[in-house]
Enquirer: 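A single structure is presented below for examination.
All values derive from a computational prediction rather than experimental measurement.
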Amino acid sequence: MLYMVIEYFNAGAAVEIYRRAHDRGRQLPPGLEYVDSWVDLDYFRCFQLMRTDDRALFDVWIKAWSDLGHFEIIPVRTSAEAARHIADQI
């Protein structure tokens with residue numbers, strides 16, 4: 001399953017977030033896959049697309065980063081999947 005993760009950086013935490021990522025990597029537990037990400041121009045939020053079959057793995061990952069921000073985890077589907085899912089209602 002795909003998830004859109006919105007990471008809200010604590011004020012002034014962007015440098016430390018990038019430092020930690022550089023030094024320790026993403027710290028993803030096995031079974032949680034990073035797909036891609038985008039960061040807003042003010043370094044306030046990072047939008048990350050991730051994949052896993054076990055939602056609980058996010059709790060492990062968030063624990064490693066919770067001192068630098070907070071997270072919103074949203075299950076998503078691709079636009080193509082959404083179109084197939086509602087095709088019989090069109």
Side-chain angles (χ1 to χ4, degrees):
M1 170 158 256
L2 285 173
Y3 293 86
M4 178 59 67
V5 178
I6 305 173
E7 177 182 0
Y8 299 91
F9 297 174
N10 289 347
V15 172
E16 181 56 31
I17 289 168
Y18 280 89
R19 180 179 294 123
R20 186 178 299 175
H22 178 266
D23 293 347
R24 302 181 196 175
R26 294 188 184 280
Q27 303 180 75
L28 296 170
L32 182 58
E33 177 190 356
Y34 166 83
V35 178
D36 206 349
S37 62
W38 305 263
V39 179
D40 72 16
L41 299 180
D42 296 321
Y43 295 95
F44 177 69
R45 291 172 301 202
C46 178
F47 302 89
Q48 301 182 59
L49 187 61
M50 295 187 166
R51 181 180 290 117
T52 186
D53 292 328
D54 183 358
R55 166 63 178 84
L57 293 175
F58 281 108
D59 297 334
V60 175
W61 176 69
I62 287 171
K63 189 173 185 179
W65 295 96
S66 62
D67 60 318
L68 298 174
H70 63 280
F71 301 82
E72 186 176 356
I73 312 296
I74 306 162
V76 296
R77 59 176 53 109
T78 66
S79 295
E81 290 170 334
R84 285 191 302 273
H85 186 258
I86 63 167
D88 63 335
Q89 299 176 40
I90 297 175

Enquirer: Which pair of heavy atoms, one from Ala14 and one from Tyr43, lies closest together, and at what distance?
Expert: CB-CB, 3.8 Å
Enquirer: Ignoring hydrogens and angles, tell me if any N or O in the side chain of Trp61 forms a donor-acceptor pair with the backbone of Arg26 under 3.5 Å.
Expert: yes
Enquirer: Determine yes or no for a side-chain-to-main-chain donor-acceptor pair under 3.5 angstrom, with Glu81 supplying the side chain and Thr78 the backbone.
Expert: yes
Enquirer: Within the 3.5 Å criterion, strictly below it, is a donor on Tyr34 or Gln48 matched to an acceptor on the partner's side chain?
Expert: no
Enquirer: OG/Ser79 to CZ/Arg84 distance, rounded to the nearest 0.5 angstrom?
Expert: 10.5 Å
Enquirer: Is there a continuous path of hydrophobic side-chain contacts, each under 4.5 Å between heavy atoms, that joins Tyr3 to Val35?
Expert: no
Enquirer: Starting at CG of Leu57, measure out to CD of Glu33 and round the result to the nearest 0.5 Å.
Expert: 12.0 Å
Enquirer: More than 12 non-hydrogen atoms from neighbouring residues, nucleotides or ligands closer than 6.0 Å to CD1 on Ile90, yes or no?
Expert: yes
Enquirer: Below 4.5 Å, heavy atoms only, C-beta onward: do Asp67 and Arg20 meet side chain to side chain?
Expert: yes
Enquirer: Report yes or no: do Met1 and Phe58 belong to one cluster of Ile/Leu/Val/Met/Phe/Trp/Tyr joined by side chain heavy-atom distances under 4.5 Å?
Expert: yes
Enquirer: Group every Ile, Leu, Val, Met, Phe, Trp and Tyr by side-chain heavy-atom contacts under 4.5 Å, then state whether Ile17 and Met50 land in the same group.
Expert: yes
Enquirer: Which residues satisfy the ring-ring contact (aromatic ring centres under 6.0 Å, His included) test with Phe44, sequence neighbours excluded?
Expert: none
Enquirer: Within the supplied structure, the quantity of interest is the number of heavy atoms (other residues, nucleotides, ligands) at a distance under 6.0 Å from Asp23 CG; does it exceed 12?
Expert: yes
Enquirer: Any chance you could measure Ile62, atom CD1, to His70, atom NE2, to the nearest 0.5 Å?
Expert: 10.5 Å
Enquirer: Apply side-chain hydrogen bond (donor to acceptor under 3.5 Å, both in side chains) to Arg24 and list each qualifying residue two or more places apart in sequence or on a separate chain.
Expert: none
Enquirer: Heavy-atom distance under 4.5 Å between the side chains of Val60 and Leu32, does that happen here?
Expert: no
Enquirer: Tell me the closest heavy-atom pair linking Gln27 and Ala64, and the distance in Å.
Expert: OE1-CB, 3.6 Å
Enquirer: Is it the case that one hydrophobic cluster holds both Val5 and Val39, taking links as side-chain heavy atoms less than 4.5 Å apart, direct or via other members?
Expert: yes
Enquirer: According to a hydrophobic-cluster definition based on side-chain heavy atoms being under 4.5 Å apart (Ile, Leu, Val, Met, Phe, Trp, Tyr only), do Phe9 and Ile6 belong together?
Expert: no
Enquirer: Does a sphere of radius 6.0 Å around CZ in Phe47 hold more than 12 heavy atoms from other residues, nucleotides or ligands, not counting ones at 6.0 Å or beyond?
Expert: yes
